[in-house]
Amino acid sequence: MQPYDHSKIEPKWQKKWEKAQAGKAKTPSQKKNGGDEQKKFFGLIEFPFPSGDGLHVGHIRSNTAMDIIARKRRREGYNVLYPIGWDAFGLPTENYAIKTGLHPTVVTKRNTDNFRRQLKSLGFSFDWSREVDTSDPKYYRWTQWIFLQLLKKGLAYKQKMFINWCPKDLIGLANEEVIDGKCERCGTAVEKREKEQWMLAITKYADRLDRDLDDVNFLEKIKIQQRNWIGKSEGAEITFKITAGDKKSDSNVSTAESVTVFTTRPDTLFGVTYIVLAPENKLVASLLSHTKNADEIKKYIAEAKIKSEIQRTDAGAEKTGVELRGITATNPANGEQVPVWIADYVLADYGTGAVMAVPAHDSRDFAFAKKYRLPIRQVIAPYFENTTDLIPKKDLPISKRAIVHAIVKHPSQDKYLFISWKDHAWNSLITGGIENNETLAEAGKREILEETGYKNARFIDTSGSSWEIHSYFYAEHKNENRYMVARGAFFQLENEECVEITEDEKKKHDIVWLDAIKARDFLTHINQKYIWDIIQKESAYEGDGKLINSGKFTGRSSQEILKEITEFAGGKWVEKFKLRDWIFSRQRYWGEPIPVIHCEKCGTVPVPEKNLPVKLPKVKNYKPTENGESPLAAITKWVNVKCPTCRGKARRETDTMPNWAGSSWYYLRYADPKNKKAIASPEALKYWTPVDWYNGGMEHTTLHLLYSRFWHKFLFDIGVVPTKEPYVKRTSHGLILAAGGEKMSKSKGNVINPDATVTTVGADSLRLYEMFMGPFDQHIAWDENGIVGTRRFIERVWRLQEKLATATIIATDTTAAGTKDTLIHKTIKKVSEDIEEMRFNTAISTMMIAVNELEKETAVSISHYENLLKLLAPFAPHVTEEIWQTTLKHKTSIHDEAWPSYDPTKIADTISTIIVQVNGKMRASFETSATATENEIQEQALKLPETIKWIGEKPVKKIIVVKGKVVNIVV
RNA sequence: GCCGGGGUGGCGAAAUUGGCAGACGCACUUGCCUUAGGAGCAAGCGGAGUAAUCCUUGGAGGUUCAAGUCCUCUCCCCGGCACCA
């Protein structure tokens, strides 16, 4: 037998597979004449950006994962589409072109060639006949076409607005591309610049993008992150009429103006003490003439404009604002006149750009009101504050084992003690804490608590001295599903029962009985957060409760009257989203030209579809300009065109699309990549879409993944695609970090070059290692040493061939098969299941165990070995193929073999190992028939010498027998 | 602050969902084989202890015959969002 030599095996099979077009998906029509269409599987990975750095080991991780799934699906009889392409437009290529003077097309060609070579060296089963390239005019023709459709439907529009401007990259950024006020790519602080920009109205799809997440099989964390980003919230729009002081008569006159606010808490309407507008709110200009301090207001607005995005949005920064003196707003609920302010803590582009301020119940309003000494009026009372109607009755059987928690306040300092204890809690509390007039003595001395019968006492703060019981406590009934919370003082207890409280006492005591397990949350959240807050009276109460000081709504519950109070105030119930429209233009060269023409007479005219693509012209200088114009603007020959409508003088749009454009629909092109008449034929789209399984990075959740869902929905609406969602299932992989746990980056010099690894240990070992190194969805640091483990594993699989010694195979086959059948069938089951759950690491360890077991045999059954190879083939396609065809002399590829199935009867153990525990500790084990009854197991367990030893003289109280698993003897 | 995900040997990690904690792999130790070993084989490998035995899944408490797993509190790490009314 030859030693395992990956450098011969891998290129050999790669060539053969390429010749045979092994990964090529069958076109659906080929199968149609036979009757039913073959079931299909469309597996997708995020197509790479062909950077000059070459393939990253992270690409290999996600590509291998989907390669394994694709290979398994093929062998399960699916017609599989596992395509690859290039997300070729983008800044890095352009920057490289600027530096070197090479045309981006040349750079892209070179980089994609390198990527292609690298991907092929890893044996991925891509369908290479369907490569797409977003920078290819034949491709971006359709990107531009989609843009024109968006334009036609009014979803693409131009708007003058403040955009995020990166002064280093000289480019406008979408909100999604700004991280912590900095440019996503270069980390430079982003500035605001007013510019006319192309926008895409993704907000028109906000509701559907949110709602339809219900129908897709995305990882929950992906859904949550998208939902957070879309930021749907329901609330009320309420209009306040504006009244201005008459400058001549000093009396108030109503104006035609009014301000509409958005609030999720209309229940606090009676607590409004002022109104705040965003400085950018258009209403401010028209109100200015009514104000007495117009200059001051203008100054404030000017200052707010200058402030950077970071300063503006820093929640920790002190809030500032200016009152619009001379005008007031009328609260529609109670007719009250409240002052109107402008302040930059109110965002112009969320809700209505105006809020009603309720300082008692909103922490931001609270901070602002404190600073400017605006009134604070409480209108919500926590439920238990005024519930004297709920008091314990005499017959309530409070168990003496009730668990009691209490908050204890220091008499003079702002310090609190939290105690909890059980057993005689009520009695102890009264006698120990009150009747003896013990003030729980010195804080920090838990001995005292224990002496007086308090157990499990615990201090939150152990400094200070002389604590006393303040008031709040909570009791959990031991036997019944009842809980009690009390505030104010302690009520009297005799013989561990509640005694009715007198009317006088009622006023001192706020007690509520809760009949649900939620009482526990009540303690943890209300007791700790609320009580802490309220006792100190230093912040707003943002929870629910009963309304007070609220006219006819007083006494009602805050959650139940939201809509009622909205209606009462003449408001309407609406939905709002945090999502903003997508800033779609970039002032750079290397992107799709936006296909519109600006005519002096006709305005903005779309380029006729027959004239697509609008090709990128050749330029000498790709450099972006300081004035924020695209380098394309300098090419007068290209820019100056005739208007397609009136043939008059016109100019081309010189902005280009962001690189998210081409990637928003590339998966559709895979269905029919060469189509010249449409993005893809309806038949191809009907057969292949939606994508069945899409794996990618979490970092694309709010960018690429959301954008492409938006475009897909739009294409669905105009009848181009047959489904409303592009992806059935979305999973994500964890990043591969450098050895120290840092991100791999060229500047740090810690990038792993996969070429070197493929050369030294081979693609199969690298693939296996990347799948074995840890859970697929978790980030993991690269460990050079780890690869030797998977390399050794492959070598062990290789050496197992020796145990198939030709003459003995037949003779030993049946006997060998008998002993290892269970092992192999269990392995088949586990590996099959693990692949589906992307638990590749445990799938591999299962195969390792199988190999370890087979190595112990003197002769290995061929069928067992073949099954093992079949399971391993998707992970290590080269070595398994080599053994399969060369050693085992099969004429066809192992990758065309049916996926092995397991026999459930062979998995069932005939013998089970029973663990014997004494008092919950493992003391012995024995083997018995899997069908043994509980009595038999118990009998056998009690006979064991170890068991006898550990039971000793002690009487056996109880024996628990779990069939096939455990016996626990309680003594 | 809010929303996610984590915390288990020297390291990467397993744990059939409440039933032998540490599978599998790396590193390490000892031995065999070898001219040699960054090869292979055999044995060992959480901590303490000569041992019997005891301790051990970030920490504290609880439920249970039995807890890494369930409940409560708490600390730390990573990711996302963040003045969104």
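In what follows, every chain begins at residue 1, and chains take the letters A, B, ... in the order their sequences are listed.
In this structure, the CZ atom of A/R792 is 9 Å from the P atom of B/C41, given to the nearest Å.
Nucleotide B/A42 is matched to B/U30 when pairs are restricted to Watson-Crick or G-U wobble geometry with both distances under 3.5 angstrom.
Across all strands shown, A/T701 has no heavy atoms under 4.0 Å from either base or sugar-phosphate atoms. Residue A/R839 is classed as having no contact, given no heavy-atom separation below 4.0 Å to the nucleic acid. At the heavy-atom level, A/D365 lies nowhere under 4.0 Å from the strands shown. Contacts of A/V962 with the nucleic acid, taken as non-hydrogen atoms under 4.0 Å apart, include base atoms. As judged by a 4.0 angstrom heavy-atom cut-off over every strand, A/K921 is placed among residues touching the sugar-phosphate backbone only. Contacts of A/V358 with the nucleic acid, taken as non-hydrogen atoms under 4.0 Å apart, are absent. Note on A/R227: nothing from the nucleic acid sits closer than 4.0 angstrom, heavy atoms only. Across all strands shown, A/K223 has no heavy atoms under 4.0 Å from either base or sugar-phosphate atoms. Residue-level contact check: A/K578 touches the bases, meaning some heavy atom is under 4.0 Å from a base atom. Nucleic acid contact class of A/I224 (heavy atoms, under 4.0 Å, all strands): sugar-phosphate only. Using a 4.0 Å heavy-atom criterion, one finds that A/I969 contacts no nucleic acid atom at all.
Ring-plane geometry between A/H733 and A/F776 is classed as perpendicular, the angle between the planes exceeding 60 degrees on a 0 to 90 degree scale with a lower cut at 30. Classified by interplanar angle (parallel below 30°, tilted 30° to 60°, perpendicular above 60°), the ring pair A/Y4/A/H6 is tilted.
The phosphate of B/A42 has neither OP1 nor OP2 within less than 4.0 Å of any side-chain N or O from A/K856. In this model, the phosphate group of B/G25 is approached by a side-chain N or O of A/N852 to a distance below 4.0 Å at OP1 or OP2.
Taking the O4'-C1'-N9-C4 or O4'-C1'-N1-C2 dihedral as appropriate, B/U34 has a value more than 90° from 0 and is therefore anti.
Under 3.5 Å, the side chain of A/K319 and the base of B/C83 form at least one donor-acceptor pair of N or O atoms. Scanning atom types as modelled, one donor and one acceptor separated by under 3.5 angstrom connect the side chain of A/N968 and the base of B/C65. No hydrogens or angles were tested; on distance alone, a donor-acceptor pair under 3.5 Å links the side chain of A/Q917 to the base of B/G19.
Residues A/K803 and A/L854 form no side-chain contact, since every pair of their non-hydrogen atoms from C-beta on lies 4.5 Å or further apart.
Annotation: B/U64 and B/C71 have their C1' atoms spaced 12 Å apart (nearest Å).
The side chain of A/W950 has B/U53 as its nearest neighbour among B/C65, B/C81, B/U53. Between B/A85, B/C54, B/C24, one nucleotide has an atom nearer to the side chain of A/S845 than all others, and that is B/C24.
Here A/Y300 and A/W341 keep their ring centres 6.0 angstrom or further from each other.
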Check against side-chain hydrogen bond (donor to acceptor under 3.5 Å, both in side chains), A/Y350 and A/S233: CA-CA 11 Å; A/Y350 179 76; A/S233 65; 3.0 Å; yes
